[in-house]
Amino acid sequence: HDLTHRIVGIQKNVTELMDRLSKKTYDETTPFKHYQSLKNIEQHLTEVNNLSARLLTFAGKGAYNYYQTDLNELVDFTVKEFSAGRSEVNIDIIYQEDLWRVNIDRVMIGRALQRVYQDACRRVTKESDMRIQTANALLDDNFVKPFGRRPGAYVKVSVQIQGIFSDENNQQRTFEPFYMDKESPEAGLGMASVFGIVKKHDGITTVDSDREGTSLNIFIPAERSGE
């Protein structure tokens, strides 16, 4: 939908510009109108470029640069960046001590974390807080089999809020491309790109929701010392 909207916008401005250029009559406003059409086209093209990049991210394309990383440090950095100017949301962070290290593209996982924070923030009520927690996790065959992943050591980052999804179907579709639910209609490709980034790292994304609240979870394969 976003891509179609941008393409239509480009076509409309090109048509208007060509129509004005074909006319032999000019007035003092004509140069400004030409300039405005070109600026509109430029803005639409910028948005198309951004959307294309997000689609490539979801598809798992593009070059990734992997480094051993302490996710506690990355979570701390991304939370500080996200919370700047967001005084209306209280964020509580619980860090796992001796967190296993992960081999990740820090920029891409950082983007994924930011998008999860954004989606959670849209669902937070004024009376509730958002909790972010890191943990070491040993996942067995039963857990990883539906995702086509290997059992073993993972690092989990969960973003927890009060409130539940409207139904189980919404819960399962959170990371689908182009899916938007009524609690978070602005999300668009944001959460789908999280799925693509985590998938590129052989990780897992899940959503848990019950009467206590909702948890958006990311699991990244861990590199335990001595293994």
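Counting begins at 1 with the first residue of the sequence.
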Please report the shortest heavy-atom distance between Val102 and Ala222, naming the atom on each side.
CG1-CA, 4.1 Å
Measuring from Glu16:CD to Lys33:NZ, what's the distance to the nearest 0.5 Å?
10.0 Å
How close do Ile218 and Val198 get, counting heavy atoms only, and between which atoms?
CG2-CG2, 3.8 Å
I'd like to know whether Gln160 forms a side-chain contact (heavy atoms from CB on, under 4.5 Å) with Gln133, so could you lay out the CA-CA distance, the side-chain angles of the two residues, the decisive distance to 0.1 Å, and finally the verdict.
CA-CA 8 Å; Gln160 305 157 6; Gln133 187 169 4; 3.4 Å; yes
Rounded distance (nearest 0.5 Å) linking atom CZ of Arg101 with atom CD of Gln68
5.5 Å
Report, as yes or no, whether the 6.0 Å neighbourhood of atom CZ on Arg149 holds more than 12 heavy atoms from other residues, nucleotides or ligands.
yes
Identify the heavy atoms of Leu99 and Ala135 that sit nearest to each other, and give their distance.
CD1-C, 3.8 Å
Evaluate side-chain contact (heavy atoms from CB on, under 4.5 Å) for Asp76 paired with Lys80, printing each intermediate quantity in order.
CA-CA 6 Å; Asp76 185 69; Lys80 287 179 180 177; 3.2 Å; yes
Flag side-chain contact, heavy atom, 4.5 Å: Leu17 against His34
yes
Smallest separation among heavy atoms of Ser158 and Ser215, with atom names
CB-OG, 3.5 Å
Hey, is the main chain of Asp98 close enough, under 3.5 Å, to the side chain of Asn136 for a donor-acceptor pair?
yes
Has the side chain of Asp19 got a donor or acceptor atom that lies under 3.5 Å from a matching backbone atom of Thr15?
no
Flag if over 12 foreign heavy atoms under 6.0 Å of CZ, Phe77:
no
With a 4.5 Å cut-off on side-chain heavy-atom distances among I, L, V, M, F, W and Y, is there a chain of contacts connecting Met18 to Leu45?
yes
Which of these, Val107, Ile109, Thr134, sits in a side chain to side chain contact (heavy atoms under 4.5 Å, CB included) with Leu74?
Ile109
Here the gap from Ser193 atom OG to Gln114 atom CD, rounded to the nearest 0.5 Å, amounts to 11.5 Å
State whether the side chain of Arg115 and the backbone N or O of Val194 hold a donor-acceptor pair below 3.5 Å, judged by distance alone.
no
Looking only at non-hydrogen atoms, find the nearest pair between Leu138 and Ala153 and report the distance.
CD2-CA, 3.9 Å
Reported CZ-to-CD1 distance for the pair Arg131 and Ile161, which is rounded to 0.5 angstrom
13.0 Å
Does the Asn65 side chain pair with the main chain of Asp105, one donor and one acceptor, at a distance under 3.5 Å?
no
Walk me through whether Tyr66 and Lys200 qualify under side-chain contact (heavy atoms from CB on, under 4.5 Å).
CA-CA 11 Å; Tyr66 296 89; Lys200 186 71 173 182; 3.6 Å; yes
If you group Ile, Leu, Val, Met, Phe, Trp and Tyr whenever their side-chain heavy atoms sit less than 4.5 Å apart, what else falls in with Ile204?
Leu139, Phe143, Val144, Phe147, Tyr154, Phe219
Would you kindly say whether Thr206 and Asn217 are connected by a side-chain donor-acceptor distance under 3.5 Å?
yes
With side chains defined as the heavy atoms from C-beta onward, is the minimum distance between Leu71 and Ile104 less than 4.5 Å?
yes
Atom CD1 in Ile93, atom CG in Asn72: separation rounded to 0.5 Å?
9.5 Å
In Å, rounded to the nearest 0.5 Å, how long is the span from CD1 of Ile94 to CD1 of Ile132?
10.5 Å
Are any side-chain N or O atoms of Thr69 and backbone N or O atoms of Tyr67, one a donor and one an acceptor, separated by less than 3.5 Å?
yes
Short side-chain donor-acceptor distance under 3.5 Å, Asn40 and Asn13:
yes
Stepwise side-chain contact (heavy atoms from CB on, under 4.5 Å) test for Cys121 and Phe82
CA-CA 10 Å; Cys121 185; Phe82 173 78; 3.8 Å; yes
